[in-house]
There are 2 protein chains.
Amino acid sequence: MRSGPGSLILESGAEAVTPPSFLDDGKNTIASQLVSRLREAIISGQLEAGSKINLDRAKQSFNVSLSPLREALARLISDGLVEFEDNRGYRVSPVSLSNLEEITSLREEFETYALRESMRVGDVDWEGNVMRALHRLNRTERDASKPETLEQWEAVHREFHLTLISGCRKPLLLSFCKTMLNLNDRYRRTFLTRTSGDRNVRVEHSEIAQGTVSRDMDYACDRLREHIHRTGTNLRKHLAEKGIA
Amino acid sequence: MRSGPGSLILESGAEAVTPPSFLDDGKNTIASQLVSRLREAIISGQLEAGSKINLDRAKQSFNVSLSPLREALARLISDGLVEFEDNRGYRVSPVSLSNLEEITSLREEFETYALRESMRVGDVDWEGNVMRALHRLNRTERDASKPETLEQWEAVHREFHLTLISGCRKPLLLSFCKTMLNLNDRYRRTFLTRTSGDRNVRVEHSEIAQGTVSRDMDYACDRLREHIHRTGTNLRKHLAEKGIA
DNA sequence: GCTTGACAAATAATCGATGATTTTTCAAAA
DNA sequence: TTTTGAAAAATCATCGATTATTTGTCAAGC
């Protein structure tokens, strides 16, 4: 059961769900689990953009104590998902048109650079991973009337874009790209509930992947840049519709 | 008075220095002050690269309690200066040849992109700031025999590079560049105690600045890229001498 | 009516103590 | 001698309580 958007922290009677951890995913501490849970809550829009994070209420919502909560929030600053000010606490990073535009620009620059590098030094394993990620993405349904398919699609879509650039052997660059992708996905999941009809996104992804594994740098990077740019334009329209400056 | 390199946390009898805060610099809380102090300690090499950060000892060294210390360390993860593992605590990020090479590459890409953007949209104020930063840099002595001049030079040098790209109106990009500059400066301050004679760094900076304010994008970006690249090559040599892979 | 300032409530920040995990030690067994 | 494993020590993680700061309230003065 999930609370309504933005109400997660404001709720009084909390039925805090302990994440099912049969298998050890390396996230052993409360603080680390909180990082994941908070990140998901913000990207999915459950925690409203720009809203203040009240520590007392958040403590209760997530059924945790203050120390791990503060530590988790501190770590999330780096993801650009949370902002902090001394004695004023933490707040969910606000959304804005200019922020979206910067994210789009940086994705274009960073991801094409990382893709070029990947094509330059990536090995056969990486190529295989790209094709597998493409296949999964193409096989994943995205139906606006079924919310669970949207979440699933977001996951494999993210995986596809990350796999594309995962061959570059530049860990810092990859972490920056991940951050930008997170921020970008928040916009999509918040504002793009329906898919726009005038794009064949599946074809776009296939072209990028095909160009990539055949190491046609200019082609692949051009397609990727266009793809990112179109997404940006698309999102910008939806932001404008909702009157967000 | 300053302790020897790497001994900061290991010291037993701590004469913890409270930073002089006549004027409010916005860093009101212990945690925020710690972020600055820890960052400086790491970049300057006082905290040895790759070493584990023992919380008990660090607590004593810095005369703080555990909560703000952990929070500060958590925030430093984003700067790439600190790494963390569940139940194993924090450690100073290690240095390596490949890490240095990535930092150099990313600085070349990010900073030239940011410089181009700055030249595209930067205003007259920004131009003025660039010229002022250049002037300060050129007026700042850098004498290997006087350690305090090295620190001073590092500060104005950092300020120069950040000012160059400060006109770009892309806050996320700027924060990435800042991060890369931090990481880069740690290498310089750790491994480049003497200045190499075969470069006229002053001329390099002047050319970059002149090209910038005259909005000659290609010229300025080429000079900046060369400048960053030379620094990287230089540092790489010093790492090799010290046998760092 | 508007501003000011003291008081109260809400919230953030820090601390010391306790609980949990990892690492080290060291003796017994192979 | 080497390996094993339980106990001890060290260290990390979490908690509840306390302190400090900010925000909200409201009455007195202008």
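So that the names make sense, note that chain A is the first sequence line, chain B the second, and so on, each numbered from 1. All of these numbers come straight from a predicted model, not from anything done at the bench.
Y90(A) comes within 4.0 angstrom of no nucleic acid atom, judged by non-hydrogen atoms across all strands.
You'll find the side chain of L55(A) reaches within 4.5 Å of the side chain of L73(A), heavy atoms only.
For the pair L69(A) CG and dA13(D) C1', the interatomic distance rounds to 14 Å; values are reported in whole Å. In this structure, the CZ atom of R91(B) is 14 Å from the C1' atom of dT22(C), given to the nearest Å. Counting to the nearest Å, the P atom of dT22(C) and the CG atom of L55(B) are 15 Å from each other. Nucleotide dC15(C) holds its C1' atom 13 Å from the CG atom of N63(B), rounded to whole Å. In this entry the distance linking CZ of F84(B) with C1' of dA13(D) reads 9 Å, nearest Å. Between D86(B) atom CG and dT22(C) atom P there is a gap of 9 Å when expressed in whole angstrom units. Whole-Å rounding puts the I30(A) CD1 to dC12(D) C1' distance at 13 Å. Between the P atom of dC15(D) and the NZ atom of K59(A) lies a distance of 10 Å, rounded to the nearest Å.
For the pair V64(A) and N87(A), both in contact range of DNA chain D, the more 5′-proximal nearest nucleotide belongs to V64(A).
The listed nucleotides are dA13(D), dC15(C), dT11(D); the one nearest the side chain of L66(B) is dA13(D). Considering only side-chain atoms of R88(B), the nucleotide from dT23(C), dC15(D), dT14(C) that sits closest is dT23(C). Closest to the side chain of N54(A), from the set dT22(C), dA13(D), dT11(C), is dT11(C). The nucleotide whose nearest atom lies closest to any side-chain atom of T29(A) is, among dT14(C), dT11(D), dA13(D), dA13(D). Among dT11(C), dC12(D), dT22(D), the nucleotide with an atom closest to any side-chain atom of K52(A) is dT11(C). With dT21(C), dT11(D), dT14(C) as the choices, the nucleotide that has an atom nearest any side-chain atom of S67(B) turns out to be dT14(C).
Put simply, R70(B) has a side-chain N or O that comes within less than 4.0 Å of OP1 or OP2 on dA13(D).
Ion pairing of R189(A) with E40(A) is present here, as a side-chain N (NZ or NE/NH1/NH2) and a carboxylate O approach within less than 4.0 Å. Between R136(A) and E159(A), none of the side-chain N atoms (NZ, or NE/NH1/NH2) sits under 4.0 Å from a carboxylate O, so this pair counts as no salt bridge. With respect to the salt-bridge test (charged N to carboxylate O, under 4.0 angstrom), the residues E101(B) and R169(A) do not qualify.
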>> With salt bridge (Lys or Arg N to Asp or Glu O under 4.0 Å) as the criterion, how do E71(B) and R75(B) come out once you've worked through the C-alpha distance, each side chain's angles and the decisive distance to 0.1 Å?
In response: CA-CA 6 Å; E71(B) 195 165 333; R75(B) 286 193 222 163; 3.5 Å; yes

